[in-house]
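A short worksheet on the structure shown next.
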Amino acid sequence: MAVFNSLVVTITWPFFYEVCKEKKDEELRKSRTLKACNSFYKGLYFMISTLLGYYILRDEPYLSPYIMGKGDMSKISDGYPLHKWPENFKYYFLGTLGYHLH
């Protein structure tokens, strides 16, 4: 996750540096630019992880129509305690866990 963060900062730095309102104090300008780049990365991460999470869970039998699924929440405990996880859920879990541990 740190690699993607530094990649986004590298790509967005020139744009946020130009639009930063602070023009007199160079250290403050760099600090605010870095903060804007990191905030952009966080917004991008949460948007992508939300869409990816929905993509992974969309066909599960327990995903309610209220949250754009086709199933019924009463089926959430079917197969307990040996619940079968959705395909690629392990990678999604590890990726999001990596962000939050970072």
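If you read the sequence from its start, that first residue is 1, and numbering goes on from there.
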Query raised in the report: Just by modelled atom types, is the E27 backbone N or O under 3.5 Å from a matching donor or acceptor in the S31 side chain?
Result: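 Looks like no, no N/O pair under 3.5 Å.
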Query - Whether over 12 other heavy atoms sit under 6.0 Å from Y54 OH - result: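 Above 12, so yes.
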Query raised in the report: Should we count NZ of K90 as having more than 12 external heavy atoms under 6.0 Å?
Result: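 No - once you tally the heavy atoms of other residues, nucleotides and ligands closer than 6.0 Å, there are 12 at most.
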Requested in this report: Measure the spacing between CZ of F89 and CG of L57 and express it to the nearest 0.5 Å.
Outcome: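 Here the rounded value is 6.5 Å.
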Query raised in the report: Rounded to the nearest 0.5 Å, how far does NZ of K84 lie from CD of E87?
Result: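 E87 CD to K84 NZ: 7.5 Å, rounded to 0.5 Å.
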Hydrophobic cluster identity match, [X] and [Y], side-chain contacts under 4.5 Å:
X	Y	result
Y99	I48	yes
W85	I56	yes
F40	F46	yes
L7	V3	no

Requested in this report: Evaluate the side-chain contact (heavy atoms from CB on, under 4.5 Å) criterion for residues D25 and R29: first the C-alpha distance (whole Å), next the side-chain angles of each, then the deciding distance (0.1 Å), finally the verdict.
Outcome: CA-CA 6 Å; D25 187 0; R29 187 176 188 183; over 6 Å; no
Go through the structure and list residues passing side chain to side chain contact (heavy atoms under 4.5 Å, CB included) with [X], not counting sequence neighbours.
X	value
L101	L97
D59	K70
M47	L44, L51

Show me, pair by pair, the donor-acceptor contacts under 3.5 angstrom made by side chains of residues 11-18, not counting sequence neighbours?
| from | atom 1 | to | atom 2 | distance (Å) |
| --- | --- | --- | --- | --- |
| T12 | OG1 | V8 | O | 2.7 |
| Y17 | OH | E26 | OE1 | 3.2 |
| Y17 | OH | E26 | OE2 | 2.4 |

Validation: residues 71-80 side-chain donor-acceptor distances under 3.5 Å, sequence neighbours left out:
| from | atom 1 | to | atom 2 | distance (Å) |
| --- | --- | --- | --- | --- |
| D72 | OD2 | S74 | OG | 2.6 |

Requested in this report: Any pair with a residue in residues 56-77 that passes ring pair (Phe, Tyr, Trp, His ring centres under 6.0 Å), sequence neighbours left out, goes on the list, sorted by first then second residue, please.
Outcome: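 As it turns out, the ring pair (Phe, Tyr, Trp, His ring centres under 6.0 Å) pairs with a partner in residues 56-77, which skip direct neighbours, are Y62-H83.
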Query raised in the report: Do the non-hydrogen side-chain atoms of Y92 and N88 ever get within less than 4.5 Å of each other?
Result: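 No, too far: nothing below the 4.5 Å cut-off.
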